[in-house]
Each structure stands twice: as C-alpha cells, then as structure tokens.
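Side chains included, hydrogens not; waters and symmetry mates left out as well; all remaining heavy atoms used. Because the structure is predicted, anything quoted here is derived from the model rather than measured.
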Amino acid sequence: MSAESIVRRAVCPGSFDPVTNGHLDIISRAADLYDEIVVAVLVNKSKSSLFTVEERISLLTEVTQSYGNVRVDYFHGLLVEYCRARQIPVIVKGLRAVSDFDYELQMAQMNRGLAGVDTLFMPTNPEYSFLASSLVKEIATYGGDVSSLLPELVHKRLLERLEEQTRARRADSGQLR
Ligand code: PNS
C-alpha cells in the first residue's frame, strides 16, 4: 500500500448516554485531523443507562451525519481489542479538566502497554468543561434547562424519555388510575 493510500483512522470511545455538545466538539475536531473517525459506543450491561445502545447509536449517527468521515459502531470488552481487530492505532479523548487527567493518563498508558494503541488528548472547548452526560440527565430530571448543552434532536429525545419514565413510575404507583 502506498503512503498516499493509507487511511488515518482514530476512535472516539465512550458511553454517550446521551451524546452532548461536548462529545460533538471533540468528534468534529478529531474528524478534521483524521481521514476517518469511528465513534465507538461501549456496551456495558452492568451499567444502567437511560438510552439503549441502539438508541445511542441512532442519535450519534444522526448528529454526526454532516461530518462525512465519521461512522458509529459499538464494542464489548477491551477497547484495545476493538482497535486491534480494526487496525485503529489511535484513541481520541477529550480532557475537560485536570481532574480527568489522572484516570485518563492511567488508561492511556495501560492501552499503550497492552496493545501499542496511543491516546491523543484534546482539551475540550472551555464552554463545555463542566459538561457530562450524567449531570445533564440529573439536571433535566429535575426540570433544569439543558437545551444549550445538547444537539436539538438529543434534547428532544431526552425530554421524551424522561416523560416516559415519569409516566411509567406514576402508572406503577397507581397514580394514573
Ligand atoms: O464515556 P465514558 O463512560 O467515560 O467512556 C469510558 C470508556 C468507554 C472510554 C472506557 O471505560 C473504556 O475504554 N472501556 C472499555 C473497557 C477497557 O478497555 N478497559 C480498560 C481501560 S485501560
């Protein structure tokens, strides 16, 4: 294969429950640096999530479709095994604050040691330095406005899901009778 035909590929892994503007900031900047970005959703059955893996993939696919060189996939188990099987040499991670760094550095060194897969750290846009999917869900659950933190479609689906949950809880406790 000639040097010109080598595809420079990187993975943006995560739970994406749901994808936020902070994730999109990192994915779009990574897409400017690499020929192809694979956004890989971790399938983690032991962790409860608001959206199913299929729903998260569908949301990610819709909000990244304008990027052209981004595709969405899922993985089980070790990220480096996924990378090895698909010949992806680089993991791209966003760093929001110094507090992210300790754990991210540890994972990056482990992944490099396990399989020679390197990690590129990108500082997040300061606008999103406080942003986490878990916080967004918590704030929205209590009626806070998170519309500026999520793509419009994701915001709509989040409110719908929370509404469904509220109805289900009310039905369970007999309040709809
Ligand atoms: O969005 P998250 O939950 O912060 O993403 C964390 C993720 C999925 C990137 C990380 O937990 C991961 O890579 N998990 C896969 C399992 C694995 O490879 N563990 C060893 C890390 S050294």
**Request:** Taking the side chain as every heavy atom from C-beta outward, state whether Tyr82 and Asp73 have any atom pair closer than 4.5 Å.
**Result:** yes
**Request:** Spell out, yes or no, whether Ile139 and Leu131 are grouped together once hydrophobic residues are joined by side-chain heavy atoms under 4.5 Å, including indirect joins.
**Result:** yes
**Asked** Applying the 4.5 Å side-chain criterion to the ILVMFWY set and letting contacts propagate, would Leu33 and Ile88 be lumped into a single cluster?
**Response** no
**Item:** Cluster link Leu42 to Val154, ILVMFWY, side chain under 4.5 Å
**Value:** no
**Item:** Arg8 with Glu36: basic N within carboxylate O range, under 4.0 Å
**Value:** no
**Item:** Residue pair Val43 / Phe75, side-chain heavy-atom distance below 4.5 Å
**Value:** no
**Message:** For the backbone of Asn125 and the side chain of Asp25, can you confirm whether one donor and one acceptor N or O come within less than 3.5 Å of each other?
**Reply:** yes
**Asked** When you look at Tyr34 and Val90, which way does the side chain to side chain contact (heavy atoms under 4.5 Å, CB included) test go after all the steps?
**Response** CA-CA 10 Å; Tyr34 289 90; Val90 181; 3.5 Å; yes
**Message:** Evaluate Val70 against Val38 for side chain to side chain contact (heavy atoms under 4.5 Å, CB included), listing each step before the verdict.
**Reply:** CA-CA 6 Å; Val70 173; Val38 181; over 6 Å; no
**Request:** For the residue pair Glu104 and Phe121, establish whether any side-chain heavy-atom pair is separated by less than 4.5 Å.
**Result:** yes
**Asked** Just by modelled atom types, is the Ala31 backbone N or O under 3.5 Å from a matching donor or acceptor in the Asn69 side chain?
**Response** yes
**Point-to-point distance, once rounded to the nearest 0.5 Å, from CZ of Arg29 to SG of Cys12** = 10.5 Å
**Asked** Applying the side chain to side chain contact (heavy atoms under 4.5 Å, CB included) test to Pro18, which of His155, Lys137, Glu55 qualifies?
**Response** Lys137
**Prompt:** Is there side-chain contact between Arg56 and Ser49, with at least one heavy-atom pair below 4.5 Å?
**Reply:** yes
**Prompt:** Got a salt bridge between Arg167 and Glu164, using NZ or NE/NH1/NH2 to carboxylate O under 4.0 Å?
**Reply:** no
**Residue pair Pro13 / Ile91, side-chain heavy-atom distance below 4.5 Å** = yes
**Prompt:** In Å and rounded to the nearest 0.5 Å, what is the CD to CD distance from Glu152 to Glu62?
**Reply:** 12.5 Å
**Request:** Sort out for me which residue in Asp17, Leu60, Val19 forms a side chain to side chain contact (heavy atoms under 4.5 Å, CB included) with Val41.
**Result:** Leu60
**Asked** Does the side chain of Leu149 reach to within under 4.5 Å of the side chain of Phe130, using non-hydrogen atoms?
**Response** yes
**Val72-Tyr74 co-clustered via ILVMFWY side chain contacts under 4.5 Å** = yes
**Fill in**
So OG of Ser133 and CZ of Phe51: to nearest 0.5 Å the spacing works out to 10.0 Å
**Asked** Of Thr119, Ile26, Val11, which is the lone residue that meets side chain to side chain contact (heavy atoms under 4.5 Å, CB included) with Lys93?
**Response** Thr119
**Message:** Side chains of Leu50 and Gln165, heavy atoms from C-beta outward: is any pair under 4.5 Å?
**Reply:** yes
**Request:** Evaluate whether atom CD of Glu160 has more than 12 neighbouring non-hydrogen atoms of other residues, nucleotides or ligands under 6.0 angstrom away.
**Result:** yes
**Prompt:** Counting N and O atoms only, with roles assigned by atom type, does the side chain of Asp100 sit under 3.5 Å from a partner on the main chain of Leu95, one being a donor and the other an acceptor?
**Reply:** no
**Request:** Quick one: pull up CE in Met107 and CG in Asp102 and give me the separation to the nearest 0.5 Å.
**Result:** 11.5 Å
**Prompt:** Roughly how far apart are Asn111 CG and Leu78 CG, rounded to 0.5 Å?
**Reply:** 8.0 Å
**Request:** Give, for atom OG1 of Thr124 and atom NE2 of His23, the distance between the pair rounded to the nearest 0.5 Å.
**Result:** 10.5 Å
**Asked** Looking at side-chain heavy atoms only, is the closest gap between Val136 and Val146 below 4.5 Å?
**Response** yes
**Item:** Positive for side chain to side chain contact (heavy atoms under 4.5 Å, CB included) with Thr64, one of Leu59, Ile37, Ile27
**Value:** Ile27
**Message:** Would the distance check show the side chain of Asn21 and the main-chain N or O of Ser148 forming a donor-acceptor pair, the cut-off being under 3.5 Å?
**Reply:** yes
**Asked** With the 4.5 Å side-chain cut-off for hydrophobic clustering, are Met122 and Val117 part of the same group?
**Response** no
